[in-house]
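These notes concern the structure reproduced below.
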Amino acid sequence: MDYTEGVTVLFDPARTSYEDCLDWFFRQHNPYRAGGQRGQYAWGVWWHNDEQKVAVERHVAELERDGDGGKVTSICAPLTDVYRAEEYHQKFYAKQQGRNR
C-alpha cells in the first residue's frame, strides 16, 4: 500500500487564517522540487472543504505566477482516508526530548 505520512494542523481562525497557514507551509519547503512530490515524506496540503480548496488553488496560482520556480509540485488534493499511525509514532518529537540525536 502506498501512503504519505502527515500531520494535522489545528488553528484558531480567530487568530490565524487558513491563508496564513498556507503561506507558512509553502515557505517551509521548495514547492517547485524537480521530480515532483511523491512517497512517504512528500510535502502536501489536503483540503477539507471547497473554501479551503479555493484558497489552496489561489495560493498555488500565485506561486506559479509570481515565483521563480515554475510549476508547483507539492501535493494539493482533497483529504480522503486518514489512518492514525502506530502509538510509537504519536508525539514522536516530544518523546525524543533529552535523547541523543
Side-chain angles (χ1 to χ4, degrees):
M1 173 184 236
D2 189 23
Y3 65 93
T4 301
E5 293 184 9
V7 299
T8 299
V9 176
L10 302 176
F11 67 99
D12 179 353
R15 298 180 62 180
T16 304
S17 69
Y18 185 69
E19 288 77 9
D20 287 343
C21 292
L22 290 174
D23 287 339
W24 181 89
F25 168 76
F26 282 106
R27 283 194 314 266
Q28 301 310 306
H29 73 290
N30 176 3
Y32 312 104
R33 187 170 125 195
Q37 307 281 340
R38 300 280 184 264
Q40 182 178 358
Y41 299 111
W43 288 89
V45 59
W46 292 264
W47 57 77
H48 291 251
N49 56 46
D50 289 340
E51 183 179 337
Q52 289 181 352
K53 176 184 179 185
V54 168
V56 170
E57 290 174 341
R58 182 174 49 242
H59 202 91
V60 167
E62 289 172 5
L63 285 170
E64 291 180 347
R65 182 187 68 233
D66 301 335
D68 58 359
K71 182 167 175 51
V72 169
T73 62
S74 303
I75 297 169
C76 299
L79 183 68
T80 56
D81 297 330
V82 176
Y83 302 95
R84 184 172 172 84
E86 295 88 350
E87 187 55 37
Y88 66 90
H89 285 295
Q90 303 302 321
K91 301 184 187 275
F92 182 82
Y93 182 76
K95 291 175 184 176
Q96 302 307 307
Q97 297 298 335
R99 292 187 179 185
N100 293 333
R101 290 189 232 171

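Nearest heavy atom pair, residue Phe26 against residue Pro31, reads CD2-CB, 3.7 Å. Of all the heavy atoms in Ile75 and Trp46, the pair that sits closest is CG2-CZ2, 3.8 Å. Scanning all heavy atoms of the two residues, the minimum distance from Ser17 to Asp20 falls at OG-N, 2.9 Å. In terms of heavy atoms, Phe11 sits closest to Thr16 at CD1-O, 3.2 Å.
In this structure, CZ on Arg33 lies 10.0 Å from CH2 on Trp43, to the nearest 0.5 angstrom.
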Do Ser74 and Val45 pass the side-chain contact (heavy atoms from CB on, under 4.5 Å) test, and can you show the C-alpha distance, the side-chain angles, and the key distance before you say yes or no? CA-CA 8 Å; Ser74 303; Val45 59; over 6 Å; no
Let me have the donor-acceptor pairs involving side chains of residues 50-59, under 3.5 Å, with sequence neighbours excluded, atom names and distances please.
residue: Gln52; atom: OE1; partner: His48; partner atom: N; Å: 2.7
residue: Arg58; atom: NH2; partner: Glu19; partner atom: OE2; Å: 3.4
residue: His59; atom: ND1; partner: Asp23; partner atom: OD1; Å: 3.4
residue: His59; atom: NE2; partner: Asp23; partner atom: OD1; Å: 3.4

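No more than 12 heavy-atom neighbours from other residues, nucleotides or ligands sit within 6.0 angstrom of CZ on Arg84.
Proximity of Leu79 to Trp47: side-chain heavy atoms (C-beta onward) are nowhere separated by under 4.5 Å.
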